[in-house]
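Beneath this line is the structure, given in structure tokens, with notes to follow.
Treat the numbers as computed from the prediction; the structure is a model and nothing was measured. In the text below, chain A, chain B and the rest are named by the order of the sequence lines, each starting its count at 1.
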Amino acid sequence: MKVAVVHALTKVSDIVWELPPSYKEGMRVPARIFATERLIREMDEAVFEQISNVATLPGIARCAMCMPDGHSGYGFPIGGVAAMDIARGGVISPGGIGFDINCGMRLVVTNLTWEEVQPHLKRLVDLLYLRVPAGVGSTGFLRLSRPEFRAVLEEGAHWCVRHGYGWHEDLELTEENGRIEGADPDAVSERAIDRGIKQIGTLGSGNHYLEIQVVRPEHIYDRKVAEKFGITIPNQVVVMFHCGSRGFGHQVTSDYLQVFLRVMESKYGIRILDRELASAPFDSPEGQRYFAAMKTALNVSFANRQVILHRIREVFSEVFGRSAEDLGMHMVYDVAHNTAKLERHLVDGQQRQLLVHRKGSTRAFGPGLPGLPERYRDTGQPVIIGGSMETGSYLLVGVPGGGESFFSTAHGSGRTMSRARARRLWRGQTLQQEMETHGVYVRTASWSGLAEEAGGAYKKIDDVVEATELAGLSRRVVRFTPVGNVKG
DNA sequence: ATGTAC
């Protein structure tokens, strides 16, 4: 079955695979998958069905795309990229953004070496586990009034920095400067606010984590760009974390899926192959209202990562008895995985205004693109790719030729099996011990959650990153080795 | 991903 599906793919090149519009009735454009042959054989067959379903959506420009770490998700595959031409009836689709709106990665460096950190590693991880609440339903230390939370929805990370949770420079190192314009708190349900108001500064569960990592000297692939990104000393210690908008984004998504399902066919005549692809025209009242609500969730997520960064700086400061400034704890960047953003891109020789859905995909702007921080204008955008907790992670950079994928790349390893299967194959307690003997000290909020995230349940991060490089989506700068992990 | 079902 799987082989049959693979045979329906046209091999465009060693790294680009295509399902033509003739593959399925209703496809408006081809579906393209960026992957090596090995990775494409590992993909669950649902990816091929899902990405070809996406190619049927109104207004889709050029082609529906799936990144090398693609796996099946709600409606769209995780790893899916779809750009909708808004002047040509383009839609907005919550399934193309994901339930965890603006789930993303943040990377912060230190001026500490592994030799300096090693004696304190367990204390660091134990304290981080206490100060950054993890797990389903976890709540944070911030107690916000409803008016204050509404300000967070509009201001994102700006609200945090205004209240002392972070440095001003953190904002310029976050996509959209940590505050996307056009977020409307009135487009959000009271239930979403109830769920989100106590969750700022919390990690969550699933594949969300906080990791202490080391840069081995042999893992620097572009020394010049690495230095621009703040990787400057041998065996430098960095902190990377992955989390999103928690129950708030989940509720916003649930609310608008219901709205879209109600009006999609009756009011707008949109017929889809899968209910999970519920969509509305971007220019419709429903589409605009969801767009404004989604932006509040983007801001919630930026704020969440901002407060977590503040807590990380506090913990390091406490353990090493020096200020975070003195420890050189500067941000490298903050990337969003689950978004839809208005961007201008070249399609068939014309600059078009597109709503670019990236679901489990990282924006990877090449040098000179608008929206990049001044300091990265000549290098291109830092791309933070988190691998599984056992294997390692990468820092990459956007490339000038990235326009092929609307400047999008992979976001992580990508699962190779279900969470249920991983729970059958591994036990959390045993895995924790094994990881410790392999040099990674891990604390978790849930043993079964830890088992689900075993390295063996994911594709090899080195293969995924190699594929993004071969496909011209982004370029390697540094590889990180994990030494400590707080797992949701 | 998620007060893992309203």
Side-chain angles (χ1 to χ4, degrees), chain A residues 44 46 50 69-80 93-106 133-140 149 188-210 241-259 261-262 275-276 278 293-294 296-298 300-302 304-305 308 335-340 357-362 386 388-389 411-415 417-424 428 444-453 457-458 486-488:
Chain A
D44 43 326
Q50 291 187 329
D69 52 337
H71 54 110
S72 66
Y74 182 90
F76 282 55
I78 294 156
S93 180
I97 294 163
F99 272 82
D100 190 7
I101 297 166
N102 191 8
C103 160
M105 309 285 314
R106 191 171 278 214
V136 179
S138 52
T139 54
F149 189 60
V188 167
S189 69
E190 290 302 311
R191 186 188 279 195
I193 290 170
D194 288 339
R195 288 181 70 174
I197 198 164
K198 288 192 282 192
Q199 292 189 321
I200 298 294
T202 64
L203 206 50
S205 63
N207 63 0
H208 290 167
Y209 64 87
L210 189 169
F241 58 100
H242 179 221
C243 63
S245 50
R246 310 280 285 106
F248 181 82
H250 191 275
Q251 191 61 46
V252 168
T253 306
S254 304
D255 292 341
Y256 280 92
L257 279 170
Q258 285 193 15
V259 172
L261 282 169
R262 208 163 53 232
R275 276 173 59 85
E276 295 183 355
M294 183 204 69
T296 66
L298 253 74
V300 162
S301 205
F302 287 139
N304 193 23
R305 290 196 286 274
I308 289 174
V335 298
H337 291 159
N338 290 6
T339 61
H357 294 70
R358 295 188 181 90
K359 189 223 194 138
S361 167
T362 312
S388 82
M389 60 189 179
H411 83 308
S413 289
R415 297 195 72 85
M417 67 176 73
S418 68
R419 294 186 173 277
R421 182 165 159 76
R423 282 198 300 273
R424 286 197 294 275
T444 180
S446 152
W447 291 119
S448 61
L450 190 70
E452 290 173 4
E453 293 299 315
Y458 280 88
V486 174
K487 185 62 212 61

In whole angstroms, how far is the [atom2] atom of [N] from the [atom1] atom of [X]?
X      : N     : atom1 : atom2 : result
A/Y74  : B/dT4 : OH    : P     : 17 Å
A/R191 : B/dT2 : CZ    : P     : 17 Å
A/I101 : B/dT2 : CD1   : C1'   : 12 Å
A/I97  : B/dT2 : CD1   : C1'   : 17 Å
A/H208 : B/dT4 : NE2   : C1'   : 14 Å
A/Q251 : B/dT4 : CD    : P     : 12 Å
A/F248 : B/dT2 : CZ    : P     : 14 Å
A/H250 : B/dC6 : NE2   : C1'   : 13 Å

| query | Hey, which of these two, A/V136 or A/D100, hits DNA chain B nearer its 5' end, going by closest nucleotide? | reply | A/D100
Give one of base, sugar-phosphate or nothing for [X], where a contact means two heavy atoms less than 4.0 Å apart.
X      : answer
A/Q199 : sugar-phosphate
A/G247 : sugar-phosphate
A/G206 : sugar-phosphate

| Should A/H208 and A/D100 count as side-chain neighbours, where that means a heavy-atom distance under 4.5 Å? | yes
| note | The side chain to side chain contact (heavy atoms under 4.5 Å, CB included) partners of A/S446 (sequence neighbours excluded) come to A/S448
| Does the side chain of A/S205 get closer than 4.0 angstrom to OP1 or OP2 of B/dT2 through an N or O atom? | yes
| request: Start with the C-alpha gap between A/D44 and A/H71, add the side-chain angles, then the distance that decides, and say whether side-chain hydrogen bond (donor to acceptor under 3.5 Å, both in side chains) holds. | output: CA-CA 6 Å; A/D44 43 326; A/H71 54 110; 5.8 Å; no
| A/R419: what forms a salt bridge (Lys or Arg N to Asp or Glu O under 4.0 Å) with it, not counting sequence neighbours? | A/E452, A/E453
